[in-house]
*Asks:* 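Okay, handing you the structure first.
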Amino acid sequence: MSEFDCVITGGTVASASDVMDADVAIRDGKIAAIGVGLGGGAKRTIDASGKVVVPGGVDSHAHIEQISSSGLLNVDTWESATRSAALGGTTSVIAFAAQHRGDSLAKVVADYAALARKGAVIDYNFHLLLTDPNRQVLDEELPGLVRAGHSSIKIFMTYDLMNIGDEALLDILLKARELGAMVCAHAENHGMISWMGKRLVELGYTDPKFHAVSHPRASEPEAFHRLIACAELVDQPITIFHVATREGAAVIREARGRGAKVFAETCTQYLFLTAQDIDKPGNEGAKWVCSPPLRTEDDQAALLQALKLGDLQMITSDHAPYAMDEKGKLVAGERPGFKQIPNGMPGLETRLPMLFDLCVSQGKADLSSFVRWTATQPAEVYGLAPRKGTMAIGADADIAIWDPDKEVALEDTTVHDNTHYTPFAGRTIRGWPVTVLRRGEVVVENGTCEAATGSGQLIPRKAGRAAEPSGRLSPEFDTSRNFGAKLY
Ligand code: DUC
Ligand code: ZN
Ligand code: ZN
């Protein structure tokens, strides 16, 4: 019997901390050894000479087969979304089980899990999106769901039918503290956005590009500040989604500097695109409508710096796929006003190639940073580590083998999700994942994804250290300073 099922030989192997010339051996779907001269006698050998061998990507923010509050369904199925993800080197995804007001959360999770089980080709889990955090949901449904491995809760601070208000936010933060779950937030100031939107529309400014104006920059730091203040009141760790502005990153830096347990992501689009990209003729700009909106080149530089300083830890796609048709971006007609355009853009497949190009090919960061921001840290923050996101013995053999010299001219036809466009069309990038393994099985080769439909697995997540309270009690929660009131 050969010792290993597969050995990847001769590549440059990278983790979040190290880069080495080594072979990677796989047995029973796990990494069994990393060393030199492992090649002889394996059942299968993959020659990775001249290639880069890294953990498969972990995309911890994607909307898949999700129904919006207005009843609109994403255009991707679990199958189309996760096949496109695999083709771009991503092997794990955390999507959303989205509760709408009045829904049982347990039923919502069961429904989303059934869809994923049927279609997913990469491994997955869900953030529990709470829009109706009543006592039944918080006390009766949530504990079992967290125990079953869905250890993160998402909330919205904006959108008419999704935003929960500060009191419900505090209820959720306190419950998450009790259960040991992470709380993630879409944090923008709802009043500013709502007021600006109405004002722009009243005055006739309805083209897609005015979406960028309708979310004032100040809405981001204001909401971050309020969210962090609520989290510090009850000492509950949080993750802030899709940071898009310099000022937002600065609020996070300051909070972390005083010891608050705040984690944060930005997304590929905020590092590459600006508000100018929305300024297109006719309805074309609808493709670039996402929230928060695209900002400026100065923000891009600030976000990259914040990643390098560790203020932000993750880069996700916020894949939210709507095609340019009457079921998607053009649901309100051929010339929709910006308020009528579903928010979001595709990105599961292009996230890693865009970032490999930025970090490695353009040299704006390095290979280990690429791995850290796109795989290792998302896995650590959301409890997928040590199984996912790392190149270590015992980890799942989720591995992407990159050709660092392969140039790809991105076009709408390059990508495989169901939107049939990419916001990055027209760019040529260098570096592409040519072979992808998921739990030791080759699932992508020669530009095709051969994984069996439904072969992705639900990976239960226990919240890890990231979700543990810091121990910095606010005066109001500290019994030695609040006249003995036991509030948690
Ligand atoms: N904004 C969101 O809040 N969700 C999905 C995508 C987007 O642009
Ligand atoms: Zn969001
Ligand atoms: Zn999102």
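Start at 1 and go down the list; that is how both ligands and their atoms are numbered.
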*Asks:* Measure from the Zn ion (ligand 2) to every N/O/S atom of H186 and report the name of the nearest one.
*Replies:*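 Restricting H186 to its N, O and S atoms, the minimum distance to the Zn ion (ligand 2) goes to ND1.
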*Asks:* So which of the N, O or S atoms of H63 lies nearest the Zn ion (ligand 3)?
*Replies:*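 Distance check against the Zn ion (ligand 3) picks out NE2 in H63.
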*Asks:* Using a 4.0 Å cutoff against the non-hydrogen atoms of C290, which atoms of ligand 1 qualify?
*Replies:*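 Per the distance check, 8 (O).
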*Asks:* What angle sits at the Zn ion (ligand 3) between OD1 of D318 and NE2 of H61, to 10°?
*Replies:*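 That angle works out to 80° after rounding to 10°.
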*Asks:* Suppose we measure from atom 5 (C) of ligand 1 to each protein heavy atom; which comes out shortest, and what is that distance?
*Replies:*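 Here the closest protein heavy atom is H63 NE2, 3.5 Å.
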*Asks:* Between the main-chain N or O of G456 and the side-chain N or O of D123, is there a donor-acceptor pair closer than 3.5 Å?
*Replies:*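 No.
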*Asks:* Heavy-atom contacts with A320 under 4.0 Å: which atoms of ligand 1 show up? List them by number with element.
*Replies:*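 The atoms of ligand 1 under 4.0 Å from a heavy atom of A320 are 5 (C), 6 (C).
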*Asks:* Would you say R351 and T374 are linked by a side-chain donor-acceptor pair, where the criterion is simply a distance under 3.5 Å?
*Replies:*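 There is no such pair (donor and acceptor under 3.5 Å, judged by atom type) between the side chains of T374 and R351.
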*Asks:* Nearest 0.5 Å, please: how far is CG in L169 from CE in M157?
*Replies:*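 One gets 6.0 Å once the value is rounded to the nearest 0.5 Å.
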*Asks:* Just by distance, do the side chain of S151 and the backbone of R461 share a donor-acceptor pair under 3.5 Å?
*Replies:*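 Yes.
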*Asks:* Distance to the ring centre below 6.0 angstrom and angle to the axis at most 45 degrees; does that hold for K118 and W78?
*Replies:*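 Pair K118/W78 does not count as cation-pi.
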*Asks:* Is there a salt bridge (Lys or Arg N to Asp or Glu O under 4.0 Å) between D277 and K287 once you walk through the steps?
*Replies:* CA-CA 9 Å; D277 288 290; K287 292 178 182 169; over 6 Å; no
*Asks:* Under the criterion side chain to side chain contact (heavy atoms under 4.5 Å, CB included), I'd like the reasoning laid out for F272 against R427: C-alpha separation, chi angles, the key distance, then a yes or no.
*Replies:* CA-CA 11 Å; F272 288 93; R427 293 168 191 248; 3.8 Å; yes
*Asks:* Polar contacts were defined as any N/O atom of the residue lying under 3.5 Å from an N/O atom of the ligand; does this apply to Y159 and ligand 1?
*Replies:*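 N/O-N/O distance below 3.5 Å exists for this pair.
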*Asks:* I need the atoms of ligand 1 closer than 4.0 Å to a non-hydrogen atom of F156, numbered in the order shown.
*Replies:*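 Listed by number with element, the hits are 3 (O).
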*Asks:* For atom 1 (N) of ligand 1, what is the closest protein heavy atom, and at what distance to 0.1 Å?
*Replies:*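 Answer, as residue, atom name and distance: S291 O, 2.9 Å.
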